[in-house]
Amino acid sequence: MNLNEAEDGALVKQGEALYNIVEELKLLPAFKSLLQDCLSEPIWKIAPEALVSKLYVNVLEGVGQPAREPVGRVLNIVLDCLKRGGRAPRYAAGEYAVYDLSNSTNPRDIVPEISITAMEKIFADLLKDLSNTYIAELKRYWEIMGPRKSSGSYPQISRKAALGVLQSVLFTRELHSFAANGGITPREMGHISMMVQPGLTGVCYGIYLEGRNGEYVEQNSMFVLSLNNPVYEQLIPGTDGACILYSPNRGIERFTSSLKLYQTLVSRVQSLESRAEFLQTLPINEQEGFAYGPDIRFLKVHANLFDRYTDQTLRKAYSDVAYHLGRLSMGDSDLDRIMAAVESTQSLGEVPRLAKQRHAQLLKLVARNAWPQWLKNAADVNQEVYEALQHQLLEAEVALHETTVGMTSLSGYGRAVVENHISPGTDERVNPDNVFVNVIHTVALANGQKVQLNERKTLTQAFLYGPHDDAGQYRIAL
């Protein structure tokens with residue numbers, strides 16, 4: 001295997017590791033699903049056999065007046081209450097009941113184990129402590145082992161532990177890509193691989209930046225690993241040999257000394273362009289108005305590296321979800337927007353986004369290795385101009401990719417657009433390549449006569465050729 005094949009193979013394996021993380025995160029339940037789980041436990045305490053998704057509140061048969069409180073599926077009732085500021089419903093015992101059939105008022109469909117008074121209390125308790133109850137369910141999903149129906153990459157362990165394993169695999173793939181492209185030597189790669197094995201602790205340093213009132217804030221998922229020296233309780237910056245820094249934004253970086261690392265981090269913290277890299281490790285409610293001090297410390301990590309990273313990631317997610325849910329109790333009635341924010345946060349979308357950013361950093365290293373010798377020998381300012389132009393080209397290519405939905409041909413893009421236009425919905429798709437139509441062109445001649453051309457085409461072809469031409473419009477007939 002030659003060097004180029006090794007580089008390509010390492011990047012492919014890195015992409016596969018990222019794909020596995022993305023697939024694992026897709027399994028996370030949606031907001032409404034977890035909200036229904038919040039209802040399940042108190043309901044099952046009084047009706048163990050109840051199917052929560054099939055429970056409804058409705059007016060009793062014979063009650064003449066319309067419902068004055070929310071009725072319908074119990075989950076939808078909670079959502080209606082959240083839209084009106086979190087006020088719990090108050091049901092009159094002689095007017096409402098809990099049913100196991102939608103829109104029913106038939107006494108035979110009443111669930112006898114669940115009185116309307118008990119259901120009212122369940123609603124009130126949940127709405128009163130929604131944030132804590134919801135986060136408890138989210139923690140249950142990630143942290144409690146149980147039957148997983150063979151879903152996910154490692155169904156025999158908790159999802160949190162599985163995410164830690166997947167992150168460890170991704171780091172190993174990134175390390176191999178970095179080494180294959182000349183970022184570190186094979187000996188250094190072997191040393192790092194040995195130090196970050198699963199189960200090992202105390203092998204690296206965490207990064208702590210000075211914050212408010214002299215307190216130090218740990219940077220989640222950032223760590224420093226010495227390439228030559230033992231790991232002490234604290235790393236004092238100096239000219240003591242090479243080290244690597246791993247950060248969620250930039251991936252693996254090699255420094256000739258810990259002093260050079262320290263100076264680089266101080267520069268990044270002080271720069272407006274890169275300061276956000278450090279703020280993103282803080283919960284949302286601590287970010288506003290936060291300012292870092294001038295000092296940085298490197299303290300020994302007494303934990304498994306990637307278990308610790310996953311713990312920190314989830315702690316921040318729990319805090320941010322609580323922040324978004326707390327807005328409901330502060331009068332924010334835009335439930336759809338808050339639901340979207342909660343789902344975006346709890347799905348850990350930052351994990352794959354930052355992994356893609358690290359992948360881009362490695363691709364920049366690959367591009368540098370491919371530079372002609374004259375460019376490698378050019379002045380730094382000229383190299384920066386070249387990279388800026390390359391960056392603009394990449395942005396244009398990304399925009400093209402997003403516009404064409406990843407299609408590699410005009411016909412494929414046209415088919416996708418037409419399919420979205422004519423399909424009734426996401427569950428029922430119509431392939432325009434299988435729909436044939438008659439395309440009728442009418443061409444006006446110089447002598448005033450008209451020539452009519454009839455062609456048989458697929459609907460994709462009909463949309464691709466001609467509809468943009470105002471002068472040559474045609475008619476379509478089935």
Going by the angle between their ring planes, with limits at 30° and 60°, are Phe223 and Phe306 parallel, tilted or perpendicular?
perpendicular
Are Arg456 and Asn438 linked by a side-chain donor-acceptor pair shorter than 3.5 Å?
yes
Cut-off 3.5 Å, no hydrogens considered: what does the side-chain donor-acceptor table look like for residues 122-129, sequence neighbours left out?
| residue | atom | partner | partner atom | Å |
| --- | --- | --- | --- | --- |
| Asp125 | OD2 | Lys121 | NZ | 2.7 |
| Asp129 | OD1 | Asn132 | ND2 | 2.9 |

So the salt bridge (charged side-chain N to carboxylate O under 4.0 Å, His left out) pairs with at least one residue in residues 347-356 (sequence neighbours excluded) are Glu350-Arg353
Name all pairs fulfilling the salt bridge (charged side-chain N to carboxylate O under 4.0 Å, His left out) condition that reach into residues 312-325, sequence neighbours left out, sorted by first residue then second.
Lys316-Asp320
Work out which heavy atom in Ala17 is nearest to a heavy atom in Arg173; give both atom names and the distance.
CB-CG, 3.8 Å
Among all residues two or more places apart in sequence or in another chain, which pass the side chain to side chain donor-acceptor pair (under 3.5 Å) test with Tyr216?
Asp295, Arg297
Could Arg90 and Glu69 be called an ion pair, given the rule that one side-chain N must be under 4.0 Å from one carboxylate O?
no
N/O donor-acceptor pair under 3.5 Å between Glu137 side chain and Tyr134 backbone
no
Search all heavy atoms of Tyr318 against all heavy atoms of Ile135 and return the closest pair with its distance.
O-CD1, 3.3 Å
Qualifying salt bridge (charged side-chain N to carboxylate O under 4.0 Å, His left out) pairs, either residue in residues 36-58, two or more places apart:
Glu41-Arg140
Closest contact, heavy atoms only, Thr105 versus Leu60
CB-C, 4.4 Å
With a sphere of 6.0 Å drawn around NZ of Lys364, does it hold more than 12 non-hydrogen atoms of other residues, nucleotides or ligands?
no
Side chains of Ile284 and His324, heavy atoms from C-beta outward: is any pair under 4.5 Å?
yes
All heavy atoms of Asn285 vs all of Ser319, minimum pair found to be OD1-OG, 4.2 Å
Can you list every salt bridge (charged side-chain N to carboxylate O under 4.0 Å, His left out) pair that touches residues 56-68, not counting sequence neighbours?
Arg68-Glu95
